[in-house]
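Numbers restart at 1 for each chain; the letters A, B, ... are given by sequence-line order, proteins then strands. From a predicted model like this one, the values you see are computed outputs, not experimental measurements.
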Amino acid sequence: MKIDNLEKIIQDVIQLIYPGISKIPDVLLVPSPEGFGDFSTNVPFDLASMLHKSPVSIAEEILKHLNFPYFSSISVAKPGYLNFSFALSVYRDFLQELEEKGEKYFYKERNGMKVQIEFVSANPTGPLHVGNGRGGIIGDVLGNLLKVEGFDVIKEYYVNDAGSKMNLFAKSIAYYYMKKLGKNPEPVEEAYRGAYIEDIATEILNDYGDSLLNGEGRPLIDEIQKIGKEKMMYRVKESLEKFGVAFDSWFYESSLYSSGEVDKITEIFKKSGYAYEKDDALWFQSTLFGDDKDRVLVRGTGEPTYTLVDAAYHKNKWDRGFKKVIDIWGADHFGHITPMKALIQGMGLPEDFLDIIIYQIVHLFENGKEVMMSKHSGTFVTLEELVNEVGRDAARFFFLLKSSDTHLNFDIDLAKRESIDNPVYYVQYTYARLKSILWKGEEKGIRYRGVDEADLSLLESSDERALLNHFMYLEKELERVARKHSVHRIPFITIELCKKINTFYQNYNILSSEEYVQPRLSLVYNALNVLSFLMNLMEIEKKERM
RNA sequence: GCGCCUAUAGCUCAGCAGGAUAGAGCAACGGAUUUCUAAUCCGUCGGUCGCAGGUUCAAAUCCUGCUAGGCGCGCCA
């Protein structure tokens with residue numbers, strides 16, 4: 001028995017009592033405040049205005065008709081709430097299923113809908129910085145969650161390996177390459193300056209000697225761009241691996257040129273009637289779709305803009321069969337939302353095809369001062385440095401813990417200092433504690449025999465009941481998190497669960513509680529199921545011992 | 001100037017499909033351990049939910065107007 005089913009039952013009863021109501025409001029069962037039973041609904045309030053009756057009288061009317069064995073008690077509270085205490089059979093059914101399926105309990109049936117999540121997608125012109133880590137964890141965990149919710153999810157990294165930034169990157173490397181070969185290259189304007197640029201130049205020199213010099217000019221730059229990109233992507237992938245973010249797919253911007261898709265999309269826009277020529281450029285009439293100005297698709301020079309290529313990319317996503325794509329962008333890309341959504345419509349794709357999650361900027365602080373970061377100047381803290389500093393699990397947890405709408409102030413000193421009492425350790429510790437109960441039980445010859453042999457009626461304390469209710473409510477909560485893409489709720493939910501587990505742990509010595517052993521072990525056993533599921537969702541390491 | 005994000009306890013932040021006394025962690029103070037992991041637990045202290053209006057039986061949550069901070073407004077990506 002799930003909460004959903006109980007909600008449905010209540011809703012059906014309301015339909016029976018008030019057949020005249022055209023649209024019955026959704027019955028939502030939410031955890032009750034302490035002392036008001038297990039779950040509550042405020043449906044009587046919604047009905048009150050429709051029926052022109054007081055919420056309390058409606059609640060009482062509903063109460064009269066709710067003769068179901070699922071509720072051990074139902075009561076009406078002051079302004080008009082309906083409070084429910086669940087019968088033990090509800091928990092028993094639930095635990096039976098949870099024990100049988102384990103973590104799979106939370107996985108919904110596949111719904112056949114293909115969803116693509118595109119994130120990080122940093123230009124391969126430098127190492128990933130801490131901001132990329134934030135986008136990375138949001139996409140990674142959202143992808144995991146959507147898989148749980150039954151979607152076919154692809155996590156994709158869009159490699160912006162075409163365009164002027166890439167060219168500048170190559171020139172920046174070429175400068176050092178030539179210099180090391182005793183040439184006297186012209187300094188590059190606006191060059192990338194990080195130490196990695198010179199490192200890559202050195203590597204190229206070691207790998208290829210002066211052989212690239214033969215055809216100076218374009219071919220040299222082209223060659224260096226190709227090699228530099230590979231070397232950079234190697235580093236990017238390495239950083240992501242250390243951070244624990246894995247992609248299913250790496251999509252290269254350059255492939256859109258070589259496949260002819262960029263040209264094709266240009267034709268599509270020309271035929272669409274939404275494009276026009278002005279000042280030698282091709283413009284997209286995005287103002288028709290709510291933009292405040294039209295956008296250039298093809299420059300006067302004949303080169304496509306990023307805007308056009310991104311349109312081609314999203315068309316490609318659609319052609320691959322995705323029914324929903326979720327792009328995760330840093331706040332500095334905010335301005336691209338309206339044009340992008342306009343492009344989607346301009347190409348005749350459904351408006352709701354694309355969701356965009358914007359995460360606010362990450363500010364780094366060290367020694368009480370903000371660290372100014374810029375890829376161009378080469379002064380920034382890389383994701384890899386951060387992971388090395390605070391550890392993979394702590395870094396993931398820390399980034400995940402804040403709503404994407406909130407600016408994230410990352411105090412490096414605090415992160416280092418907190419690494420010892422970081423909430424992630426609390427969660428891991430809780431897991432290890434539960435594990436140890438089972439081990440110690442084995443040693444003593446006490447083994448959990450399954451919920452069928454546990455007398456759940458002995459679980460009468462509020463600590464124990466709170467755990468059961470938390471288990472039951474998780475599924476509903478995750479649905480909401482998935483719908484709203486608010487993955488930062490997951491660590492909070494996990495911490496709340498751990499808090500309840502630890503209170504329970506502290507208040508009862510489970511292994512020496514005699515007739516209570518089996519029912520209490522059912523809580524331990526299933527808490528492990530639930531906690532393990534949540535940690536896997538976030539991909540936080542489960543330590544058996546700490 | 002326009003658009004978006006943010007403003008909740010000393011600090012870092014949850015809560016915002018409107019609902020019961022506004023929550024957590026850290027910090028401060030006081031307790032709990034012959035016991036399954038004290039990396040724990042319990043308690044105390046601490047809040048005009050940025051300001052002012054409005055809608056509602058009910059507003060931290062919705063609407064309007066302000067204020068402060070951030071981000072964005074390229075034939076860059």
Nearest to the side chain of [X], which nucleotide is it out of [options]?
X	options	answer
A/K165	B/rC75, B/rA77, B/rC36	B/rA77
A/Q360	B/rC41, B/rG70, B/rA20	B/rG70
A/S164	B/rU21, B/rA77, B/rG15	B/rA77
A/R480	B/rA14, B/rC16, B/rC5	B/rC16
A/K499	B/rA77, B/rU12, B/rC41	B/rC41
A/K402	B/rC36, B/rU12, B/rA32	B/rU12
A/H488	B/rG15, B/rA38, B/rA77	B/rG15
A/A281	B/rC75, B/rA77, B/rG69	B/rC75
A/M546	B/rA39, B/rU21, B/rC41	B/rA39
A/I510	B/rU40, B/rC36, B/rA77	B/rC36

With a sphere of 6.0 Å drawn around NZ of A/K8, does it hold more than 12 non-hydrogen atoms of other residues, nucleotides or ligands?
no
Would you indicate whether A/E34, at its atom CD, is surrounded by more than 12 heavy atoms from other residues, nucleotides or ligands within a distance under 6.0 Å?
no
Where do A/V487 and A/I138 come nearest, in terms of heavy atoms and distance?
CG2-CG2, 4.0 Å
What distance, rounded to whole Å, do you find between the two [atom1] atoms, one in [N] and one in [M]?
N	M	atom1	answer
B/rC29	B/rA14	P	28 Å
B/rA58	B/rU21	C1'	15 Å
B/rG3	B/rC41	P	47 Å
B/rU48	B/rA59	C1'	15 Å
B/rG23	B/rG47	C1'	11 Å
B/rC4	B/rC42	P	43 Å
B/rU8	B/rC13	C1'	9 Å
B/rA22	B/rA9	C1'	11 Å

Over all strands shown, is [X] touching base, sugar-phosphate only, or nothing at heavy-atom distances under 4.0 angstrom?
X	value
A/F492	sugar-phosphate
A/D332	sugar-phosphate
A/S40	base
A/W439	nothing
A/R295	nothing
A/A331	sugar-phosphate
A/D279	base
A/P79	nothing
A/E443	nothing

From [atom1] of [X] over to [atom2] of [N], roughly how many Å is that when rounded to an integer?
X	N	atom1	atom2	answer
A/N509	B/rU34	CG	C1'	13 Å
A/R520	B/rU35	CZ	P	18 Å
A/L408	B/rG69	CG	P	21 Å
A/K293	B/rG72	NZ	C1'	10 Å
A/Y426	B/rC13	OH	P	21 Å
A/H363	B/rG69	NE2	P	13 Å
A/F410	B/rC13	CZ	C1'	15 Å
A/L401	B/rG25	CG	C1'	9 Å

Are the side chains of [Y] and [X] in contact, using a 4.5 Å heavy-atom criterion?
X	Y	result
A/E464	A/Y508	yes
A/I14	A/L47	yes
A/Q360	A/S404	no

Could A/R235 and A/Y196 be counted as a cation-pi pair, given that NZ or CZ must be under 6.0 Å from the ring centre and within 45° of the axis?
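A/R235 over A/Y196 ring: no.
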In terms of the nearest nucleotide of RNA chain B, which residue is placed more toward the 5' end: A/K484 or A/D405?
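Of the two residues, A/D405 wins.
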Mapping A/N409 and A/R545 onto RNA chain B by nearest heavy atom, which one lands closer to the 5' end?
A/N409
Taking OP1 and OP2 of B/rC76, is either one under 4.0 Å from a side-chain nitrogen or oxygen of A/R299?
yes
Looking only at side-chain N and O atoms, does A/T503 come under 4.0 Å of OP1 or OP2 in B/rC42?
yes
Canonical and wobble pairing (Watson-Crick, G-U, under 3.5 Å) of RNA chain B, dot-bracket with |
(((((((..((((.....[...)))).(((((.......))))).....(((((..]....))))))))))))....
Using a strict cut-off of less than 4.0 Å between a Lys/Arg side-chain nitrogen and an Asp/Glu carboxylate oxygen, indicate whether [X] and [Y] qualify as a salt bridge.
X	Y	answer
A/E7	A/K476	yes
A/E442	A/R447	yes
A/R392	A/E541	no

Regarding B/rA39, can its base be found pairing with the side chain of A/R433 as donor and acceptor, where the two atoms are less than 3.5 Å apart?
no
Look at the side chain of A/N83 and the base of B/rA20, then say whether one donor and one acceptor between them are separated by less than 3.5 Å.
yes
Go through residues 459-470 of chain A and report each residue with a non-hydrogen atom lying under 4.0 Å from RNA chain B, sorted by number.
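Under 4.0 Å from RNA chain B: no residue of residues 459-470 of chain A.
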Hey, would you say the A/F119 and A/F247 ring centroids sit under 6.0 Å apart?
yes
Under 6.0 Å between the ring centres of A/F84 and A/F71?
yes
Can you list everything that forms a side chain to side chain contact (heavy atoms under 4.5 Å, CB included) with A/L474? Sequence neighbours excluded, please.
A/F106, A/L478, A/I493, A/V530, A/F533, A/L534
